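See structure below.
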Amino acid sequence: EVQLQASGGGLAQAGGSLRLSCTASGFTFDDYAIGWFRQRPGKEREGVSCINTSDGSTYYADSVKGRFTSSSDNAKNTVYLQMNSLKPEDTAVYYCAALEVIERGWDKTQYEEYEYSYWGQGTLVTVSS
């Protein structure tokens, strides 16, 4: 059974930090990139970051570049999203998803949501001002 488990959300103050985790099972982790998406209140879901777990290459949306860092621990089938210098506008439900890249390759962009094979449940991040 394929599972993606996102965790680590919570409440943070503006300027603070949180680390999200996304743990995968049921598929070959190294064959996939893991993307992070978020849905802010009243907004459509948007891409935040993506990491190719086979080589660690990353992509970040402009809104989080320099503040968020994604990393992968392949021994644990887990991807992390370290979020620093949080802003109230980072408040959102954050989702992780798996994008197959071993066959298609990866051009270091987020890709569209429909291209992702598997999705985790969301984890809520709330940033207070």
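Quantities reported herein were computed from a predicted structural model and do not represent experimental measurements. Along the sequence shown, the residues carry numbers beginning at 1.
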Begin with the C-alpha distance, continue with both residues' side-chain angles, and end with the deciding distance and a verdict on side-chain contact (heavy atoms from CB on, under 4.5 Å) for Phe68 and Ser49.
CA-CA 8 Å; Phe68 291 10; Ser49 174; 5.9 Å; no
With clusters defined by side-chain heavy atoms of hydrophobic residues (ILVMFWY) lying less than 4.5 Å apart, directly or transitively, does Val101 cluster with Ile34?
no
Sidechain-backbone polar pair: Tyr60 side chain, Ser70 backbone, donor-acceptor under 3.5 Å:
yes
For Asp107, salt bridge (Lys or Arg N to Asp or Glu O under 4.0 Å) partners two or more places apart
none
Backbone of Ser85 reached by a side-chain donor or acceptor of Arg67 within 3.5 Å:
yes
With Asn52 via side chain to side chain donor-acceptor pair (under 3.5 Å) - residues at least two apart:
Ser54
Check whether Met83 and Val127 end up in the same hydrophobic cluster, where Ile, Leu, Val, Met, Phe, Trp and Tyr are linked by side-chain heavy atoms less than 4.5 Å apart.
yes
Decide yes or no for Val79 and Trp36: does some side-chain heavy atom of the first lie under 4.5 Å from some side-chain heavy atom of the second?
yes
Once you round to the nearest 0.5 Å, how far does OG of Ser72 lie from CG of Asn77?
8.0 Å
Show your working on side-chain contact (heavy atoms from CB on, under 4.5 Å) between Thr123 and Val93 and close with a plain yes or no.
CA-CA 5 Å; Thr123 186; Val93 178; over 6 Å; no
Arg45 to Tyr95, cation-pi by 6.0 Å centre distance and 45° axis angle:
yes
Note: Arg40-Asp90 ion pair, threshold 4.0 Å (strictly below)
no
Leu4 side, atom CG; Ser117 side, atom OG - distance, nearest 0.5 Å:
10.0 Å
Ring centroids only, cut at 6.0 angstrom: are Trp106 and Tyr59 within range, meaning strictly under it?
no
Contact between Val64 and Arg38 at the side-chain level, heavy atoms closer than 4.5 Å - yes or no?
yes
Worked check of side-chain contact (heavy atoms from CB on, under 4.5 Å) between Gln110 and Glu46
CA-CA 10 Å; Gln110 187 76 39; Glu46 61 183 352; over 6 Å; no
Arg104 and Leu99, any side-chain heavy atoms less than 4.5 Å apart
yes
Verdict with supporting geometry, Gln3 and Gln5, side-chain contact (heavy atoms from CB on, under 4.5 Å)
CA-CA 6 Å; Gln3 283 193 332; Gln5 182 75 32; 5.6 Å; no
For residues 7-32, which side-chain donor-acceptor pairs fall under 3.5 Å, sequence neighbours excluded?
residue: Ser17; atom: OG; partner: Asn84; partner atom: OD1; Å: 2.9
residue: Thr23; atom: OG1; partner: Thr78; partner atom: OG1; Å: 3.0
residue: Asp30; atom: OD1; partner: Asn74; partner atom: ND2; Å: 2.9

Result of checking Tyr111, Tyr94, Tyr116 against Phe37 for ring pair (Phe, Tyr, Trp, His ring centres under 6.0 Å):
Tyr116
